Amino acid sequence: MEKVKVVAPATLSNLGSGFDVFGMALSEPFDIIEARKTSEPGVIIESVEGWGAEVITMDAALNSTGVAAAEVLKKSNADFGIAFNIKKGFRPGSGIGSSGASAAGGAVAANLLLKNKLPPRDIVACAAESERVTSGSFHADNVGPCVLGGFTVIRCYEPLELKKITPPKNLGVVVVMPSFTVKTLDARTVIPKQVKLSDMIYEVGNASSLVLGMCSGDVDLIGKSMTDIVVEPSRSKLNPGLMDAKKAAIEAGAAGSFLGGSGPCVIAIFDNSLTDGKPILDAMLDSYKRANIAVDKTWITTCGEGCRSL
C-alpha cells in the first residue's frame, strides 16, 4: 500500500476506578488520519485541520501522530518515510483521548504501510511512547482501546500487556464537553502521591466489579463500580461543575458517571435498551447552565471498534 486513511476514535480512560488501567473506544467522535509513503526517510506533517488544529504543532518530533509513526518505522526498520494529513474531529484538552487518537491513528496508519506488520501490542506501545512525549508519561489507557477497540484492561506496563473485552451491546454513553480545557500534564500534578490502604481496597473492589459487569453484561454493576475516591476528587478543582453534573446524570437515570480522563468531559453510561440517553444529557446540560458554565459539544454514543481504515 502506498497510502491509507484511518479513522481514530475518541476513547474513555480510567472509567472511574481504573486509573491508567481501563479504557474504552467510542463510536464517535473521531479523527481522520491520512498517510502516504515517501521516498525520503522520516515523518512529516503536511497539514492539520479541524477542531483545535491551531494549537497542534506541525513539528513531527512533537506531534502525537508523528511521534507514534516514527516509533513504528524505527521498530520495523522501515526504509521509507511517511507524510501525514490530520483532520481533528474533537479538540485537544477534551478528556476523551484527543492526543491518544492522533497517536493511535499515526501508529496504525504507519503499520498498514509496512510489508511485515507489527503485532497489536507493539502498535499500542509505539502510540503510548507518543503519549510520553506529548503528555509527560507513558500510558496506554487511551491508545490501547483506540488501537484494539472495545474495553481494554492493562494488566501490566513492564512488559506492556493488554486484555480486550467486548462490552455489552446495550451500554450507552453520554459525553458532555464543557468549553474549558484541562491539560493532562497539569491534571497529573494534583494526583495524591500516597493512598490509604482503605482507599486502595475500595478502588480495587470497584475496578474488579466493573470488569465483572463488562463480562456479564450488567450495565447497572458497571455504573455502580465507576466510583473513584482517589484520583477524581483531586481533579475536581480543575473541573468546575463536575460533581453537580455527575449527580444530575444519576438522578436522571444514568447507571454511572465519571470524569473523562483529566477532564473536562463528563461521562454518563446508561442501558440503551431502556432509554435513548437524552433525559440524562438534558439533566447534565441543565446542571452546567445553572452553574453558568458553557458547553462546547455533546454526544450520545456507544462503544466502538477502534482504529479502522477507510
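What you are looking at is a predicted structure, and each value in this text was computed from that prediction instead of being measured. Only this structure's heavy atoms are used, side chains among them; waters, hydrogens and symmetry mates stay out.
Between Asp282 and Lys278, at least one side-chain nitrogen of the basic residue sits less than 4.0 Å from a carboxylate oxygen of the acidic one, meeting the salt-bridge criterion. Between Lys74 and Glu71 there is no salt bridge, since no side-chain N of the basic residue sits under 4.0 Å from a carboxylate O of the acidic one. Between Lys87 and Asp31 there is no salt bridge, since no side-chain nitrogen of the basic residue lies less than 4.0 Å from a carboxylate oxygen of the acidic one. Remark: Arg235 does not engage Asp228 in a salt bridge, criterion side-chain N to carboxylate O under 4.0 Å.
For the residue pair Ser216/Asp218, the side-chain donor-acceptor check at 3.5 Å is not satisfied. Counting only N and O atoms by type, the side chains of Ser94 and Lys297 include no donor and acceptor under 3.5 Å apart. Between the side chains of Asn272 and Asn170, no donor-acceptor pair is found at a separation under 3.5 Å. Counted by atom type alone, Asn206 and Ser225 present zero donor-acceptor pairs between their side chains at under 3.5 Å. Side-chain atoms of Ser309 and Lys5 include no donor-acceptor pair closer than 3.5 Å. Counted by atom type alone, Thr57 and Asn63 present zero donor-acceptor pairs between their side chains at under 3.5 Å. Using a 3.5 Å distance cut-off with no hydrogens or angles, the side chains of Ser99 and Ser64 do not pair a donor with an acceptor.
Remark: side-chain polar atoms of Tyr157 are paired, donor with acceptor, to backbone N or O of Asp20 under 3.5 angstrom. Distance alone, capped at 3.5 Å, is enough to place a donor-acceptor pair between the Lys164 side chain and the Leu148 backbone.
Taking every heavy atom of both residues into account, Thr298 and Leu285 meet most closely at CG2-CD2, 3.8 Å. Closest of all the heavy-atom pairs between Asn85 and Ser47 is OD1-OG, 2.5 Å.
Taken from CG in Leu160 to CG in Asp122, the straight-line distance is 9.0 Å, to the nearest 0.5 Å.
Applying the 6.0 Å contact sphere to CD of Glu54 captures more than 12 heavy atoms from other residues, nucleotides or ligands.
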Show, in sequence, the C-alpha distance, side-chain angles and deciding distance for Arg290 and Asp244, and conclude whether the side-chain contact (heavy atoms from CB on, under 4.5 Å) test is met. CA-CA 10 Å; Arg290 289 193 298 271; Asp244 287 341; 6.0 Å; no
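No path of Ile, Leu, Val, Met, Phe, Trp and Tyr side chains, each step under 4.5 Å between heavy atoms, connects Phe90 with Val48, placing them in separate hydrophobic clusters.
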